[in-house]
Amino acid sequence: MLQLSYIRENKEDVLKRLDIKNFKDAESVINTILSLDDKRKLAQRQADDVKAEANGLAKQIGELMKTGKKEEAETLKLKTTELKQSEKQFDEELKNIEAEIQKILVTVPNTPNLTVPRGKTPEDNEVVNEHGVIPELHANAVPHWELTTKFDLIDFELGVKLTGAGFPVYKGKGARLQRALINYFLDKATSKGYLEVQPPILVNADSGYGTGQLPDKEGQMYHCQVDDLYLIPTAEVPITNIYRDVILKESDLPIKNCGYTPCFRREAGSYGKDVRGLNRLHQFDKVEIVQITNPEKSYETLETMREFVSSLLQELELPYRTLKLCGGDMSFGSALTYDLEVWSAAQKRWLEVSSVSNFETFQTNRLKCRYKDANGKTQLAHSLNGSALALPRIVASLLENNQTENGIKIPKVLVPYTGFDFIG
RNA sequence: GGAGAGAUGCCUGAGAGGCCGAAAGGACAUGUUUGCUAAACAUGCGUACGGGUAACCGUACCGAGGGUUCGAAUCCCUCUUUCUCCGCCA
């Protein structure tokens, strides 16, 4: 959520940036917010004045009662009864205006960084770099969903029996590969100074609002209605919410956390080749990195996070490319996002495996995650996060890219974790 | 799941209808002093919104939300949560 004070003081800048995001009717929405804000200020002043008067009278009544002047006190009481009426009115009005502002404010996306490319669709994303060699596969090469069956690594049908489509069962070396990747990713992250945390994978609605999944993506999360809890779509939600309603010391920054969790996504509306095999699942594993930083450092931090994720792909020897997302393809809360995509050699397409974003104050404003600066002033910190990495598509391209006539080669860095270097 | 006791500022903790945005101590910050570590003393030290060039002023907040009252941290109700005991259980 954008800060009202920021919108008020930087209207032109906000409009310019929202335009990058193709936010419809930006000007009229912002104007509505600002005029509501004026109404809010007026209502508050009126409400405060009435309350001040009532407080004063109450104090006088107290004095009179103490000195035994009962009758005078009674007269004043009548007066306060009147005040109470208008107090109620103004409070009501204030509450309504605030609710209205809030309602609109949560529908306004974050203001993109000025370097974000203009555009509407994934085709408009800017390719920042491409790394690695696209492998030439042998003549009988097949996509990963055939490899997983051939070598008995993943049973999709069994998952359908147990739960439904998109909930695969990993078996044998397939299961071990999952565990290996998780441990490898966590080890790399902790060696870079990220503190590993293991958060709950169900969260309450407050947490959903804190990171912006609610109300924006209500339908994309699994919801346990009996207890009103949500299954997390990413570890970003619980990990970032650790810092909800927290005032940090400047010396605490940057906060670097990483964590492995399963992630749950309803993916309502997806279909076809997009969801084949491991391409899109309802439950998948991911290691996430999160940083809370000083505002001046957040873009520098974004680059180091991107480089970290790149280094993982390089070590896994997967060809990848980095995209700087255009305004239209960026998520609701992000100010700047890099997507990293690996090449899936049998499907002959790029698969997104990581998304690294700077949210600036968009999340921390809702979270009320602040820090005290050198002057003792509290201000909002910046939050960032990135996948490092999401497993299924990594597995898909590992299997496809490394397949030979006899089986699948495991990248060197993983062998200590898998305990085998070949699946045959 | 049942019974009881709690929830106060960064922490400990007093306050039991008006004198309470809240004692006291600790922590922290600044200053003075002593040769360093440190100690002593003094001062300061919550958040948000609104008004004001500013000093400052107003309002709200004592787990959350309602209620009673002229007036609520304090009384009542609901919820959340913590602790103790019992039950169940990896």
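On a predicted model such as this, the values are computed, not experimentally measured, just so you know. Below, read A as the first sequence line, B as the second, and so on, with proteins coming before strands; counting in each chain starts at 1.
In summary, A/Glu92 and A/Lys95 do not engage in a salt bridge, as defined by a charged side-chain N under 4.0 Å from a carboxylate O.
First and last contacting nucleotides of RNA chain B toward chain A (any atom under 4.0 angstrom from a heavy atom, 5' to 3' order): B/rG18 to B/rG71.
B/rG25 and B/rC11 make up a base pair, with Watson-Crick or G-U wobble contacts both under 3.5 Å. Of all nucleotides present, none satisfies the Watson-Crick or G-U wobble test against B/rC20 with each distance under 3.5 Å. Judged by Watson-Crick or G-U wobble contacts below 3.5 Å, the nucleotide B/rC49 has B/rG58 as its partner. Base pairing of B/rG1: its partner is B/rC86, meeting the Watson-Crick or G-U wobble criterion (both donor-acceptor distances under 3.5 Å). Pairing partner, B/rC75: B/rG67, with both Watson-Crick or wobble hydrogen-bond distances short of 3.5 Å. Using N1 to N3 plus N6-O4 or O6-N4 for Watson-Crick, or N1-O2 and O6-N3 for G-U wobble, each under 3.5 Å, B/rU32 pairs with B/rA40.
For the pair A/Lys173 and A/Phe420, the cation sits on the ring face: its NZ or CZ lies under 6.0 Å from the ring centre, inside 45° of the axis.
Along RNA chain B, the nucleotide nearest to A/Arg370 and the one nearest to A/Lys77 differ in position, and the one closer to the 5' end is contacted by A/Arg370. Sequence order on RNA chain B of the closest nucleotides to A/Arg40 and A/Lys51 puts A/Arg40 first from the 5' end.
Atoms NE2 and CZ, on A/His144 and A/Arg276 in that order, are 8.5 Å from each other to the nearest 0.5 Å. Atoms CG and OG1, on A/Asn385 and A/Thr337 in that order, are 8.5 Å from each other to the nearest 0.5 Å.
Counting any heavy atom pair closer than 4.0 Å across all strands shown, A/Leu76 reaches no nucleic acid atom. Counting any heavy atom pair closer than 4.0 Å across all strands shown, A/Asn55 reaches sugar-phosphate atoms only and no base atom. Contact annotation for A/Lys372: backbone-only contact, meaning every heavy-atom pair under 4.0 Å involves sugar-phosphate atoms and none involves a base.
No donor-acceptor contact under 3.5 angstrom links the side chains of A/Glu126 and A/Tyr338, judged on distance only. No hydrogens or angles considered: a donor-acceptor pair under 3.5 Å links the side chains of A/Thr115 and A/Lys324.
Using cut-offs of 30° and 60° for the angle between ring planes, the A/Tyr230 and A/His223 rings count as parallel.
Using C1' as the reference atom, B/rA42 and B/rU47 are 27 Å apart when rounded to the nearest Å. Comparing B/rC83 with B/rG71, their C1' atoms are spaced 34 Å from each other, to the whole Å. With both ends at atom C1', the span from B/rG4 to B/rA14 equals 24 Å, rounded to whole Å. Rounded to whole Å, the separation between the C1' atoms of B/rG26 and B/rG44 comes to 16 Å. Taking atom P in both B/rA60 and B/rG66, one finds a spacing of 15 Å when rounded to whole Å. Atom name P, nucleotides B/rU82 and B/rA29: the rounded distance is 33 Å, in whole Å. Atom C1' of B/rG21 sits at a distance of 14 Å from the matching atom of B/rG58, rounded to the whole Å.
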